[in-house]
Amino acid sequence: MNINMHSKKEKLSVQEFINRLQFGLEFDNEEDVSKNEAKIRSKLEKGKPLTSKEIAFLRKYNKELYIAAIKVEIKRKCLENRISRAKSKEEVLDIQLMTFASIRKDDIAKKYIVAAIDETMKEFKETHYYKNLPATNEEAKLKEKPRCVYQFSTGKNSYQMAYEVENTTFNFDSFYDKI
């Protein structure tokens, strides 16, 4: 199959042609590949997320860096998910420290993962959500809405009625003593 790209005729397989159309991979020489790879490596070192085109490029031209980029993205998504559910700034810090501790010392993507964690935390700390979090876990517990406990009043030959009582604990032992 002859396909005319950049006014050159070259033979491409169908899969190669689809890849070029789908991912915009039009690198004809080694210099273009190395420039793009350096750009992507720089982006990873800064902790920035990669686009789908950049990941597709790595999948095709640099398998080792591709694997590292996938590890970085998995760690980033996991961290984002966990900190978005945090109830206090103290908990966010604990999550960050646990994420750092989970990185293996011999991991090929270690420096990229560390940069991604730093960048994610920097972005998260600038959000309105983080700024409104209480500082400690104790303050977070105080801000929680009180849970309601359902108590049942029993009467002879009557239907049981339920009502909400705030800030109480329900003692099942005393409940069963009345029956």
Side-chain angles (χ1 to χ4, degrees), residues 23 36-154 160-179:
F23 301 115
N36 201 36
E37 187 177 306
K39 179 182 144 198
I40 293 171
R41 197 176 291 273
S42 170
K43 203 170 176 182
L44 281 171
E45 287 170 355
K46 293 177 185 174
K48 304 287 184 188
L50 299 180
T51 65
S52 58
K53 284 185 178 183
E54 291 166 333
I55 291 174
F57 170 84
L58 291 177
R59 184 176 62 225
K60 179 172 174 133
Y61 293 103
N62 189 334
K63 298 288 186 193
E64 186 175 304
L65 196 56
Y66 169 73
I67 291 169
I70 295 301
K71 285 182 180 182
V72 169
E73 288 304 312
I74 290 170
K75 278 283 192 203
R76 181 192 322 275
K77 293 295 180 190
C78 181
L79 177 63
E80 287 173 355
N81 186 23
R82 292 183 67 203
I83 61 177
S84 69
R85 294 179 300 183
K87 303 288 186 224
S88 69
K89 292 177 182 175
E90 182 181 4
E91 187 178 349
V92 170
L93 179 62
D94 289 344
I95 292 168
Q96 180 184 11
L97 294 175
M98 285 188 290
T99 305
F100 277 127
S102 70
I103 303 170
R104 290 190 5 227
K105 292 179 182 177
D106 61 342
D107 195 337
I108 60 169
K110 182 178 178 179
K111 68 180 179 179
Y112 304 134
I113 293 171
V114 169
I117 292 170
D118 287 339
E119 181 65 21
T120 302
M121 292 304 298
K122 181 179 139 198
E123 289 174 4
F124 181 70
K125 287 181 178 180
E126 293 172 359
T127 64
H128 189 68
Y129 177 78
Y130 177 80
K131 290 176 183 174
N132 288 332
L133 283 175
T136 64
N137 291 335
E138 288 77 25
E139 289 176 24
K141 286 179 184 175
L142 292 175
K143 281 189 173 184
E144 281 183 7
K145 292 181 180 178
R147 294 191 303 153
C148 297
V149 177
Y150 292 98
Q151 295 179 343
F152 298 92
S153 65
T154 58
Q160 294 181 343
M161 299 188 63
Y163 56 96
E164 291 185 1
V165 179
E166 292 186 7
N167 292 330
T168 61
T169 57
F170 188 73
N171 186 349
F172 282 102
D173 294 329
S174 63
F175 176 75
Y176 288 117
D177 290 342
K178 291 179 183 179
I179 298 178

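To the nearest 0.5 Å, the span separating CG on L65 from CD1 on I40 amounts to 7.0 Å. In this structure, the separation between CD1 on I113 and CG on L44 is 10.5 Å, given to the nearest 0.5 Å. Summarising the geometry, atom OH belonging to Y66 is positioned 5.5 Å from atom CZ belonging to R59; distances are rounded to the nearest 0.5 Å. Distance check, rounded to the nearest 0.5 Å: CG of L50 to NZ of K39 gives 10.0 Å.
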Indicate every side-chain donor-acceptor pair of residues 94-103 with a distance under 3.5 Å to a residue at least two apart or in another chain.
unit_1: T99; atom_1: OG1; unit_2: I95; atom_2: O; d: 2.8
unit_1: S102; atom_1: OG; unit_2: K75; atom_2: NZ; d: 2.6
unit_1: S102; atom_1: OG; unit_2: T99; atom_2: O; d: 2.7

Exercise answer: donor-acceptor pairs, residues 80-87 side-chain atoms, under 3.5 Å, sequence neighbours excluded:
unit_1: S84; atom_1: OG; unit_2: E80; atom_2: O; d: 3.3
unit_1: S84; atom_1: OG; unit_2: N81; atom_2: O; d: 2.8
unit_1: R85; atom_1: NE; unit_2: N81; atom_2: O; d: 3.4

Quick one: side chains of residues 117-124, donor-acceptor pairs under 3.5 Å with protein atoms, not counting sequence neighbours, listed by atom name and distance.
unit_1: E119; atom_1: OE2; unit_2: K48; atom_2: NZ; d: 3.1
unit_1: T120; atom_1: OG1; unit_2: A116; atom_2: O; d: 2.7

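Of all heavy-atom pairs spanning Y112 and R41, the tightest one is OH-NH1, 3.1 Å.
Taking the salt bridge (charged side-chain N to carboxylate O under 4.0 Å, His left out) definition, one finds that K71 meets it with D107, sequence neighbours left out. Under the side-chain hydrogen bond (donor to acceptor under 3.5 Å, both in side chains) criterion, E54 pairs with K43, T51, sequence neighbours left out.
Within the structure, salt bridge (Lys or Arg N to Asp or Glu O under 4.0 Å) pairs that include any residue of residues 126-140 do not occur (at least two apart or interchain).
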